[in-house]
Structure formats: structure tokens, C-alpha cells
Amino acid sequence: MTSPLFRGRPRRAGPHLAVRVAHAALGGAAGFVWLVLPGMTPPADAPVAIITPSPAGGTVGTAAATDATAATAATAATAATDGDETSGADLVLPVAVVGAAGALAGYGYVRRRRRARSRTAPGAGRPGAPRAADAEAAAPAHGDGEAAAPGHGGGAGDGDGVPGLVDAENRLLAAREELAFAEARGAPEAVAPWTRAVRDAEAELASAYAMRQRYDEGVPADAAERRHVLAGIAGRCQEVVRTLDAGSASWSDQATQLPGALEVAEARFRELTARTPVVEATLSALHARYAPAALDAVTGYPELAKDRLVLATTELNGARQASDLGRPTEAAGHLRAAEGAIARAGVFLAETDRLARDLTEAARLVPAALTGAEAELAAHRAPALPEGAPPPPAAPLLPHADAVLAAVRAEVTSGRPYDPLELLRRVVRATEPLSAGESGVLAAAAHLAAADSLAAAEAFLATHREGVRLTARTRLAEARRLFARGNAATQADRVRADDLAREARASAEQDVRLRGHQSAGAQQRPDGQMA
């Protein structure tokens with residue numbers, strides 16, 4: 001794995017390496033010339049004094065010697081002066097070479113800095129980065145958003161006000177919560193346009209996610225067509241937001257309905273507060289009856305519901321105080337935050353009750369599913385075949401299915417707690433390639449398993465949406481599309497929907513673990529403050 005210190009480094013080392021090699025060669029040449037040049041200069045012969053004996057005796061000799069000494073000194077001084085001049089000249093070339101090398105190095109540094117500042121795709125060279133064609137396609141379309149911050153879809157679109165899929169779905173989820181409280185206030189005719197807007201936005205968003213699923217599967221393959229797909233997704237996301245904005249009641253309208261809205265929110269709060277201990281007791285009973293793995297999806301949900309209700313208490317008090325002080329806009333902001341917290345607490349509690357019902361139904365259905373699977377396999381077992389006759393097409397699948405059914409039956413009769421939904425999934429998957437009919441007990445088992453996975457993933461998204469990114473949402477939307485086919489769905493469709501929903505839940509949980517600071521269910525009020 002590439003170290004994080006080097007992961008973002010631009011992949012343009014080739015030109016930089018060539019410049020460095022050239023600088024090194026130039027410096028080496030300058031040093032070589034500097035060392036060799038003095039040896040190539042011919043040495044000047046120093047004058048030598050010649051003392052000639054004089055017939056006149058020592059006086060003449062002494063004078064000659066004195067004259068010779070003076071001449072020698074003068075010559076030495078001249079030679080020293082010449083040597084100094086030659087040494088100064090020798091320094092000119094090395095200094096010039098070093099200066100040229102420094103100028104080249106400075107030019108390379110400035111050019112590299114300018115290129116780094118002008119680079120617009122810093123991740124293009126990282127391992128695992130998208131292909132250039134796809135990156136180019138994603139940039140102008142703004143439909144490839146990822147969750148970045150609460151209330152925003154992230155990605156290219158959100159920076160310039162264009163929503164992405166994540167942002168559009170988060171707004172739709174918030175609109176559903178508001179609509180539920182508006183309906184509870186007992187004004188169906190007032191919320192009818194809002195209901196239609198939410199329904200239209202759901203259809204638009206489903207189409208956008210279907211396009212995104214095909215895009216993730218590599219369809220279409222052409223880069224230009226992929227850009228058109230992303231542009232279409234972005235357009236549908238904009239339509240989702242426009243539809244919701246046009247159909248929902250504004251904050252100023254909600255401010256005029258504060259007394260009734262506060263009463264509805266407080267009544268719902270009291271209902272969930274009283275229901276929480278009951279759900280805790282239900283979960284404890286489930287733990288005593290079923291294997292721990294059967295309850296992984298809702299473990300800790302009652303505690304999370306209590307946390308949301310505590311937040312709702314704070315926000316409801318703030319709404320009451322702001323309303324009493326004559327600040328309706330501030331009160332409406334607190335009320336919306338309280339409604340969001342109450343809605344999430346309701347999801348946590350409802351999901352626990354839903355799982356309890358599904359486990360009870362699955363435990364009842366497991367014996368019947370085993371019997372139906374045995375009958376399905378018996379229909380594919382060939383009677384005694386004539387010698388040399390080819391075996392039936394299903395023959396290679398029968399041993400594996402037999403082994404799975406035997407293991408499931410042994411687990412049911414072992415007397416130990418087990419996960420009935422998981423056992424149903426094993427029976428359905430073992431017999432799905434051999435199943436000819438789309439009705440009966442096996443079809444009911446596949447439907448129940450897929451419905452359980454889908455409900456669990458949707459509940460997790462609704463309560464942790466600030467931390468869930470695009471991939472999990474896209475897989476969940478595809479599972480929802482397959483499951484919504486109803487009677488037209490095949491056994492393979494139900495199994496595929498179950499797989500996609502479970503994959504979406506696992507991916508969403510991983511997103512929340514990596515982005516846990518956004519997963520606590522914080523909400524953004526209209527005034528921009530976080531609840």
C-alpha cells in the first residue's frame with residue numbers, strides 16, 4: 001500500500017529527474033574544469049641570479065651579488081604579481097558555471113511550483129483513481145455526489161449549488177419526516193400538494209438511481225455517453241429538489257402553525273418515551289430466544305432512541321421558549337430539529353418491533369420451507385435411467401442442495417438458538433437454481449428474507465444518513481427496484497434484492513464507522529445551526 005505521504009504526489013517525475021541529472025552533469029563538468037585548468041597553464045621559469053667571478057676581487061663580487069639579489073627580488077615580485085593575476089582569472093569560469101547552474105535550478109523550481117498550482121486533478125495519479133474519461137465525465141455533470149457534510153451531497157455539484165444524489169435523497173427523507181408530522185396535525189387538504197410532491201420526487205429519484213446503477217455497471221461504455229448519463233442524473237436531482245421546494249410548506253408558514261405543531265410533536269414524544277421500555281423488554285426476550293447474529297441489525301437501537309429523545313427534549317424546550325419570547329422563526333428551527341430527532345427515535349423503536357415480527361414469522365416458516373425444498377428437489381431427481389442416457393441438467397446441483405438442507409435441518413433440531421431468517425436464506429439459495437415456480441412456500445421465504453434486508457438497510461439510512469455515501473444508497477435503490485416488482489419478480493429477483501440490500505447495509509455501516517462524527521443523527525436547522 002502506498003504511504004499517505006506519497007499518495008498525493010503528482011506522477012510527473014520524468015521531467016524533474018531529467019533536469020536534476022542535467023544539473024548534476026553540469027556541476028561535475030564545472031568542477032572538473034576548475035581542477036584541471038591550473039595544471040594546463042605552463043609554469044613561468046623563475047629567473048636565476050648568475051654570479052660571475054670578477055678579476056677585481058671580492059668587492060666586485062659582492063656588488064654583483066647584491067645586484068643579483070635585487071634583480072631576483074624584483075623578478076620574484078613581478079612573478080608573484082603575475083601569479084595573482086592568473087589565479088583571479090582562473091576563478092572567473094567556475095563562478096560563471098556555478099551561477100548558470102543556480103539560474104537553471106531556480107528556473108526549474110519556479111516552473112514546478114507554477115505547474116503544481118495550476119493542476120486541477122490532484123488525485124489523477126493515485127492508485128485506484130477513476131479513469132481519465134470518467135473523471136472528465138463526472139466533472140461537468142455534478143451527478144456523482146458523495147456525502148460530505150450534513151445537509152449536503154458532496155461531490156462536484158454541491159460546491160456550486162447543484163445537488164447530487166446524496167443531497168437529493170437526504171432532502172427527500174427530511175421531507176417525509178415533515179410530511180408525517182403535518183399529516184398528524186389533521187389537515188389532509190392542506191398537505192395534499194405536499195404529498196403529491198413527495199411522491200413525484202420519489203419517482204424522479206428512483207429513476208436517477210437506476211441510471212446510476214447502470215453507470216456503475218459500465219453501461220454505457222462510451223465516454224461521451226457516460227457524460228450524458230451523469231448530466232441526466234444531475235438534472236433529475238435538481239428536479240427532485242425543485243419539486244420538494246414547490247410542494248412543501250415554507251418555514252414561515254410553519255411558524256404560523258407553531259402551537260398546533262408543538263402539541264403534535266410533544267404528543268409523539270410522550271408516546272415514544274412510554275414505548276421505549278417495552279421495546280427494550282422485547283429485545284431482551286429476542287436475545288433469549290434467538291442467536292445473537294439474528295439481532296445484530298437492531299442491537300443498541302433502544303439506547304439510540306433514548307439519545308434522540310433526549311435531544312428532542314432540548315429542542316422542544318427551545319421551541320417553547322422562543323415562541324413565548326415572540327421569535328417564531330427561531331422556534332420553528334427548534335421545532336424542526338425536535339421533529340427530526342423524534343422521527344429517528346421512532347425508526348429505531350419500530351425497526352426493533354419489525355425484526356421481532358419477522359423472526360417469529362421466519363421461525364414458523366422454516367419447517368415448511370424445508371418440506372417445500374425437499375419436494376422441489378424430488379421433482380428433479382431422475383428415475384432409473386437407461387444405460388448410457390445423459391443425466392438431467394439439474395443433477396450436478398442436487399448434492400449441494402441436499403447438503404444445505406441437511407445442515408439446516410440439523411441446526412433446527414439441535415435445540416440451540418438459531419437465526420431463522422438466515423436459515424431461510426440458505427434454503428432459498430440452495431434451491432433457487434432448481435425452482436420453477438414463482439409461488440408457494442419457497443417464494444414466500446425469499447420474499448420475507450428480502451423484505452427483512454431491505455427494511456433494515458432503509459432504517460439504517462434514514463437514521464444515519466449524514467454519514468452514508470453514494471455506493472450504499474445506489475445498491476439499496478436497486479434492491480428496492482427489484483423488490484417493488486411484486487408478483488412480476490422472479491425468485492432470482494428476490495434473491496438479488498436480498499443480496500443488494502445486505503450489501504448496502506454493510507457498505508453504509510462502513511461509511512458510518514469511517515465518518516462516525518456525522519453518524520449520530522445530527523440535523524441542520526434552517527438557521528444553519530446543528531441540532
Side-chain angles (χ1 to χ4, degrees), residues 147 153 165-180 198-199 201-210 212-213 240 244 272 279 294-302 304-305 308 340-359 361-362 421 425 446-486 489 493-513 518-521 523:
L165 278 166
V166 172
D167 189 22
E169 185 170 24
N170 285 350
R171 295 196 191 191
L172 177 59
L173 293 172
R176 286 176 181 166
E177 294 173 353
E178 293 183 74
L179 179 59
V198 170
R199 186 169 56 248
E202 288 172 347
E204 202 72 39
L205 188 66
S207 298
Y209 270 123
R212 180 69 204 199
Q213 177 68 25
V240 168
L244 293 174
L272 295 179
V279 174
L295 305 169
D296 283 347
V298 298
T299 298
Y301 272 15
L304 291 174
R308 295 296 93 199
I342 293 170
R344 297 189 194 209
V347 172
F348 287 130
L349 299 179
E351 181 63 12
T352 305
D353 286 339
R354 193 274 312 163
L355 181 59
R357 292 191 301 270
D358 285 355
L359 288 173
E361 177 63 17
L421 283 166
R425 289 188 177 94
H447 183 276
L448 179 60
D452 168 75
S453 299
L454 193 60
E458 287 181 334
F460 190 88
L461 172 61
T463 53
H464 299 79
R465 55 180 175 263
E466 289 78 15
V468 180
R469 305 183 69 180
L470 180 60
T471 299
R473 296 167 184 260
T474 304
R475 302 303 174 263
L476 178 58
E478 180 66 9
R480 193 183 296 122
R481 184 188 71 82
L482 292 173
F483 188 78
R485 298 179 63 179
D493 288 338
R494 298 185 185 98
V495 171
R496 177 63 175 158
D498 184 28
D499 290 339
L500 284 171
R502 287 158 65 87
E503 177 186 344
R505 172 66 186 262
S507 178
E509 288 178 348
Q510 182 179 7
D511 291 340
V512 169
R513 282 195 297 270
Q518 295 181 359
S519 67
Q523 293 120 222

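Note: hydrogens, waters and symmetry copies are ignored here, and every other heavy atom, side chains too, is used. One-based numbering along the sequence shown.
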Taking all non-hydrogen atoms of both residues, which atom of [X] and which atom of [Y] are closest, and how far apart?
| X | Y | answer |
| --- | --- | --- |
| Leu173 | Ala462 | CD1-CA, 4.4 Å |
| Ala201 | Val240 | O-CG2, 3.7 Å |
| Ala504 | Ala472 | CB-O, 3.3 Å |
| Ala479 | Ala497 | CB-O, 3.4 Å |
| Leu359 | Ala294 | CD2-CB, 4.1 Å |
| Val279 | Pro302 | CG1-CG, 4.3 Å |

Taking the side chain as every heavy atom from C-beta outward, state whether [X] and [Y] have any pair of such atoms under 4.5 Å apart.
| X | Y | answer |
| --- | --- | --- |
| Asp511 | Thr471 | no |
| Thr463 | Glu351 | no |
| Leu470 | Arg212 | yes |
| Arg480 | Leu476 | yes |
| Arg473 | Val166 | yes |

What distance do [X] atom [atom1] and [Y] atom [atom2] have between them, rounded to the nearest 0.5 Å?
| X | Y | atom1 | atom2 | answer |
| --- | --- | --- | --- | --- |
| Leu349 | Arg308 | CG | CZ | 12.5 Å |
| Asp493 | Asp498 | CG | CG | 12.5 Å |
| Glu503 | Thr474 | CD | OG1 | 10.5 Å |

Salt-bridge criterion met for Arg357 and Asp353 (N-O under 4.0 Å)
no
Taking NZ, NE, NH1 and NH2 as the nitrogens, is one of them in Arg176 or Glu458 under 4.0 Å from a carboxylate oxygen of the other?
no
I would like to know whether Glu478 and Arg481 meet salt bridge (Lys or Arg N to Asp or Glu O under 4.0 Å); could you show each step before the answer?
CA-CA 5 Å; Glu478 180 66 9; Arg481 184 188 71 82; 2.8 Å; yes
Quick one: which of Arg354, Arg505, Arg494 gives a salt bridge (Lys or Arg N to Asp or Glu O under 4.0 Å) with Asp452?
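The salt bridge (Lys or Arg N to Asp or Glu O under 4.0 Å) with Asp452 is passed solely by Arg354 among Arg354, Arg505, Arg494.
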With sequence neighbours left out, what residues match Tyr209 under ring pair (Phe, Tyr, Trp, His ring centres under 6.0 Å)?
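Counting only residues at least two positions away or on another chain, Tyr209 forms no ring pair (Phe, Tyr, Trp, His ring centres under 6.0 Å).
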Is a side-chain N or O of Arg469 found less than 3.5 angstrom from the main chain of Ser507, in a donor-acceptor match?
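No.
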Whether the side chain of Arg475 engages the backbone of Leu500 through a donor-acceptor N/O pair (distance < 3.5 Å, no angle test) should be reported.
no
How are the rings of His464 and Phe348 set to each other: parallel, tilted or perpendicular (split at 30° and 60°)?
perpendicular
For Arg425 and Ser453, which I'm curious about, is there any donor-acceptor pair between the side chains at under 3.5 Å?
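Yes - a donor-acceptor pair under 3.5 Å links their side chains.
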